[in-house]
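To start, the structure itself, in structure tokens.
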Amino acid sequence: MEKKQNCCGIDAANVHVGKETNSDERNSDQRNSDQPSSEQPTQAGACCGSKADANDAPGERTRTACDVQSTAYQPKADQSLPVAIIGAGPIGLAAAANLAERGTNFVVMEAGSRVAASIWEWRHVRLFTPWSLLIDPASKRLLQAAGTWQEPNQDEVPYAHELIEQFLDPLAALEQIAPHIQFEHKVISISRDGHDRMRDGTRDEAPFLIVTETPAGPRRTLARAVIDASGTWTTPNPMGAGGVPADGELQNQSHIRYGMPDVLGRERNRYAGKRTLVVGSGHSATGSVLNLIELAKDSAQTSVTWGVRRCDPTELWGSGCADEIAERGALGTRIKEAVDGEKATLLTGLSIAAVQDHADGIQVVDVQGTPRVIVDEIIVATGSRPNLDMVRELRLEFDVPTEASKSLGPLIDPNHHSCGSVPRHGAQELRQPENGFYLAGMKSYGRAPTFLMATGFEQVRSIVAELTDKNVFRDLPSVV
């Protein structure tokens, strides 16, 4: 295929599961097709000298009741407003890098006090994939152009803190990106200015209104488009069966930890010498079990119980050396050896109905009403789900089982796909009835755990290509 170039002469490359390929730009018929396309758009021409003024706070203003009632949306105002990116994690920053390359105005709203705040919570965890799959091409070009970045060894597999310190922190510090990041801006709602979900009016022409909580109080920002890359980390699934909290789960929060605690580091004292139950069958649960086993080597009273819903543990071990991701395969091999060696007690068929106070600790009861185990601490690693409260006033469509973007859901359903079998996808599959709004990254996958970072990089590259192709973006037919 012929290689396209932008006005800076930079090759437009895209990434899918870490492999760089070149693809021809999609024509308008492909973009408006209802069928998923196997091709992704390359980057449109950028204006290298048109980056936003670092001192501007685009789209922000003091609003009155009269402002809210006025819904006229002028095309010129549309183009002057920023593209809003929700979340300053790897995918949000990749979206920023792609927009910066094209000289497009943007703002990044991050709920945390630093870049990749959610990943920072599990910075002690080693990733599965090597650096070659973890660096967004547009971000890499910006960093290389700055001339101060030391590129990591592409074959090494980093820890999460290395991903942040060696890639995301330097990226966020670039002059093209740093002035546009707003930390401690937690998004509460995204709507159309002057339009609730029920109102038709001129919603396709109205800007997006984003309300954030900040240390200085509520703040309102207008945007011409929104890329929601806020992830799912802050909304973990409960440990109760049926997707709801177990009885007593909320009341016993002081003994329950969600996600991947730093068992061997910052939270060592919490688990040393304690009886801990790990709930969940994914890789986060596996990693916590193995860390607790390691902790037990130095703390004889430490005991580990692993509870899973499935009755047959075979799938817990993964594919071993046949796994397409070597580090993930090695994890499965290690956990099987640990269970076979009785270093951890495996409870299969555990669907939890309640956690109860007991004279000897916390008692876990299954859905048949049978007490299964008494422990001191519980680690819940049952995955996460998207926070959809913030988009309640938008007209969006979701795949029913996964809560992913509607067109994407069937392509990523973990009942039928692994991360390696998910087909290529981009703006076409992520597009919503609300023109100009996109879910990207982990949040676009809803509850499906098959997301790979390189896939998210390709998503935002495709979204930005669509947003910055004015003929495509402005001429998209309304499907509301």
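Computation of the quantities below employed the complete heavy-atom set of this structure, encompassing side-chain atoms and omitting hydrogens, waters and symmetry-equivalent molecules.
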> Do the side chain of Thr235 and the main chain of Thr232 share a donor and acceptor less than 3.5 angstrom apart?
Replying inline: yes
>> For a quick test of reading the model, state the closest non-hydrogen atom pair linking Phe457 to Asp136 and the distance between them.
In response: CE1-N, 3.4 Å
> Would you call Arg392 and Asp389 a salt bridge, taking side-chain N to carboxylate O under 4.0 Å as the test?
Replying inline: yes
>> Does any part of the side chain of Gln251, heavy atoms only, come nearer than 4.5 Å to the side chain of Ile256, both counted from C-beta?
In response: no
>> Can you give me the closest heavy-atom contact between Tyr438 and Leu467, atom names plus distance?
In response: CE1-CD2, 3.7 Å
>> Between Arg219 and Val211, is the side chain to side chain contact (heavy atoms under 4.5 Å, CB included) condition met? List the steps.
In response: CA-CA 6 Å; Arg219 192 172 188 177; Val211 179; over 6 Å; no
> How far does OG of Ser444 sit from CG of Asp399, to the nearest 0.5 angstrom?
Replying inline: 12.0 Å
>> To the nearest 0.5 Å, what is the distance between CG on Asp228 and CZ on Phe437?
In response: 4.5 Å
>> When you measure from the side chain of Thr286 to the backbone of Gly282, do you find a donor-acceptor pair of N or O atoms at a distance under 3.5 Å?
In response: yes
>> Could you walk me through whether Arg447 and Thr402 satisfy the side-chain hydrogen bond (donor to acceptor under 3.5 Å, both in side chains) test, starting with their C-alpha distance in whole Å, then the side-chain angles of each, then the deciding distance to 0.1 Å, before giving a yes or no?
In response: CA-CA 5 Å; Arg447 301 189 185 200; Thr402 62; over 6 Å; no
>> Within this structure, what is the CD1-NZ distance for the pair Ile227 and Lys443, rounded to the nearest 0.5 Å?
In response: 13.5 Å
> Taking it one step at a time, do Arg224 and Asn105 satisfy side chain to side chain contact (heavy atoms under 4.5 Å, CB included)?
Replying inline: CA-CA 10 Å; Arg224 74 177 182 93; Asn105 190 15; over 6 Å; no
> Cation-pi between Arg192 and Phe208: NZ/CZ under 6.0 Å from ring centre and within 45° of the ring axis?
Replying inline: yes
>> So, taking the atom named CD in Gln182 and the one named OG1 in Thr221, what distance separates them when rounded to the nearest 0.5 Å?
In response: 5.5 Å
>> Under the criterion salt bridge (Lys or Arg N to Asp or Glu O under 4.0 Å), I'd like the reasoning laid out for Glu466 against Arg431: C-alpha separation, chi angles, the key distance, then a yes or no.
In response: CA-CA 10 Å; Glu466 180 163 280; Arg431 201 180 294 150; 2.6 Å; yes
> Sub-3.5 Å donor-acceptor pair from the side chain of Thr214 to the main-chain atoms of Ala216, do we have one?
Replying inline: yes
> Side chains of Asn237 and Tyr258: does their closest heavy-atom pair fall under 4.5 Å?
Replying inline: no
> To the nearest 0.5 Å, what is the distance between OG (Ser191) and CG (Leu209)?
Replying inline: 4.5 Å
> Tell me, do Gln154 and Ile135 make a side-chain contact under 4.5 Å, heavy atoms counted?
Replying inline: yes
> What closest approach, in Å, do Gly280 and Ala285 show between heavy atoms, and which atom pair accounts for it?
Replying inline: O-CB, 3.2 Å
>> Apply side-chain hydrogen bond (donor to acceptor under 3.5 Å, both in side chains) to residues Trp149 and Gln144 and explain how you reach the verdict.
In response: CA-CA 6 Å; Trp149 179 59; Gln144 289 177 328; over 6 Å; no
> Under 3.5 Å, is there a donor-acceptor pair between the side chain of His124 and the main chain of Met260?
Replying inline: yes
> At their closest point, which heavy atom of Pro238 faces which heavy atom of Val380, and how far apart are they?
Replying inline: C-CG1, 4.3 Å
> Hey, are the side chains of Thr129 and Leu134 touching, using non-hydrogen atoms and a 4.5 Å cut-off?
Replying inline: yes
> Would a distance-only check, ignoring hydrogens and angles, find a side-chain to backbone donor-acceptor pair under 3.5 Å from Lys406 to Gln432?
Replying inline: no
> Do Asp169 and Arg114 meet the salt-bridge criterion of a basic N to acidic O distance under 4.0 Å?
Replying inline: yes
>> salt bridge (Lys or Arg N to Asp or Glu O under 4.0 Å), that's the test. Do Arg123 and Glu162 meet it? Break it down for me.
In response: CA-CA 8 Å; Arg123 57 189 180 274; Glu162 294 175 318; over 6 Å; no
>> Checking Val364 against Val279 for the side chain to side chain contact (heavy atoms under 4.5 Å, CB included) test, could you report, in this order, the C-alpha distance in whole Å, the side-chain angles of both residues, the deciding distance, and whether it holds?
In response: CA-CA 11 Å; Val364 177; Val279 180; over 6 Å; no
> Any Lys/Arg nitrogen of Glu101 or Arg141 sitting under 4.0 Å from an Asp/Glu carboxylate oxygen of the other?
Replying inline: yes
> Are any side-chain N or O atoms of Arg203 and backbone N or O atoms of Leu394, one a donor and one an acceptor, separated by less than 3.5 Å?
Replying inline: no
>> Between Asn252 (side chain only) and Gly248 (backbone N and O only), is there a donor and an acceptor less than 3.5 Å apart?
In response: yes
>> Once you measure the plane-to-plane angle for Tyr445 and Phe451, does it fall in the parallel (<30°), tilted (30-60°) or perpendicular (>60°) bin?
In response: perpendicular
>> Looking at every heavy atom in both Leu222 and Pro207, which two are closest together, and how far apart are they?
In response: CD2-CG, 4.2 Å
> Can you find a pair of side-chain heavy atoms, one from Gln459 and one from Leu430, that are under 4.5 Å apart?
Replying inline: yes
> Does any N or O in the side chain of Thr468 come within less than 3.5 Å of the main-chain N or O of Val464, such that one atom is a donor and the other an acceptor?
Replying inline: yes
>> Once you measure the plane-to-plane angle for Phe106 and His180, does it fall in the parallel (<30°), tilted (30-60°) or perpendicular (>60°) bin?
In response: tilted
>> Using only atom types and a distance under 3.5 Å, with no angle test, would you say the side chain of Glu110 pairs donor to acceptor with the backbone of Ala88?
In response: yes
>> With heavy-atom distances below 4.5 Å as the criterion, would you say the side chains of His185 and Ile210 are in contact?
In response: no
> Between Arg309 and Ile352, is any pair of side-chain heavy atoms under 4.5 Å apart?
Replying inline: no
> If you look at every heavy atom in Ala241 and Ser351, which pair is closest and at what distance?
Replying inline: CB-CB, 3.9 Å
>> Donor-acceptor check, side chain of Asp469 to backbone of Ala465, threshold 3.5 angstrom: yes or no?
In response: no
> Would you say the side chains of Glu165 and Tyr159 form a donor-acceptor pair under 3.5 Å?
Replying inline: no
>> Between Ile378 and Arg257, does the side chain to side chain contact (heavy atoms under 4.5 Å, CB included) criterion hold? Intermediate values first, please.
In response: CA-CA 6 Å; Ile378 301 175; Arg257 175 73 157 80; over 6 Å; no
>> For the CD1 atom of Ile188 and the CZ atom of Arg220, what is their distance to the nearest 0.5 Å?
In response: 12.0 Å
> Heavy atoms, side chains only, cut-off 4.5 Å: are Ser405 and Glu397 in contact?
Replying inline: no
